[in-house]
Amino acid sequence: QIFLGSLFSTYFAMILWVAGFKYNQVSVAAVLNQTCTVFTVILAVWFLKEKLTIGKLVATILATGGVLLMTLL
């Protein structure tokens, strides 16, 4: 079951990734694709109870601001 779940989730993620580049402008899709780093920090703090340092917080805010600038302009 774990193998099938990991296989399906990988396949589904790849389909969404390719669809993002197909149906959006490449510049917007590339920026949105890089938000995985922001989500990694958030999920690490939430699930793994990692310490949220000032540097991580500033980097997450700056990355989110960059994504908003690219998608809204």
Side-chain angles (χ1 to χ4, degrees):
Q1 288 179 342
I2 293 175
F3 176 73
L4 291 176
S6 63
L7 185 68
F8 176 73
S9 62
T10 303
Y11 180 71
F12 187 66
M14 183 65 71
I15 288 174
L16 290 177
W17 181 72
V18 170
F21 279 101
K22 180 178 180 181
Y23 294 114
N24 287 317
Q25 295 176 355
V26 174
S27 60
V28 173
V31 170
L32 291 176
N33 193 23
Q34 294 305 315
T35 58
C36 65
T37 307
V38 174
F39 290 118
T40 301
V41 170
I42 293 169
L43 292 174
V45 169
W46 188 14
F47 286 111
L48 301 176
K49 308 295 186 225
E50 285 195 15
K51 187 176 179 181
L52 182 63
T53 63
I54 296 295
K56 290 178 187 176
L57 183 63
V58 169
T60 303
I61 291 170
L62 287 173
T64 305
V67 168
L68 288 173
L69 280 174
M70 286 298 297
T71 55
L72 297 176
L73 293 180

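- Grouping the Ile, Leu, Val, Met, Phe, Trp and Tyr side chains by contacts below 4.5 angstrom, directly or via other members, places M70 with V67.
- The side-chain contact (heavy atoms from CB on, under 4.5 Å) test applied to T37 returns no partner, not counting sequence neighbours.
- Under the 4.5 Å side-chain heavy-atom criterion for grouping Ile, Leu, Val, Met, Phe, Trp and Tyr, V26 is connected to M14 within one hydrophobic cluster.
- Environment of CG in L72: crowded, with over 12 heavy atoms of neighbouring residues, nucleotides or ligands closer than 6.0 Å.
- F21 approaches A29 most closely through the heavy-atom pair CD2-CB, 3.8 Å.
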Sequence neighbours left out, cut at 3.5 Å: what donor-acceptor pairs do the side chains of residues 46-64 make with other protein atoms?
from, atom 1, to, atom 2, distance (Å)
K49, NZ, W46, O, 3.1
T53, OG1, K56, N, 3.3
K56, NZ, K51, O, 3.3
T60, OG1, K56, O, 2.7
T64, OG1, T60, O, 2.8

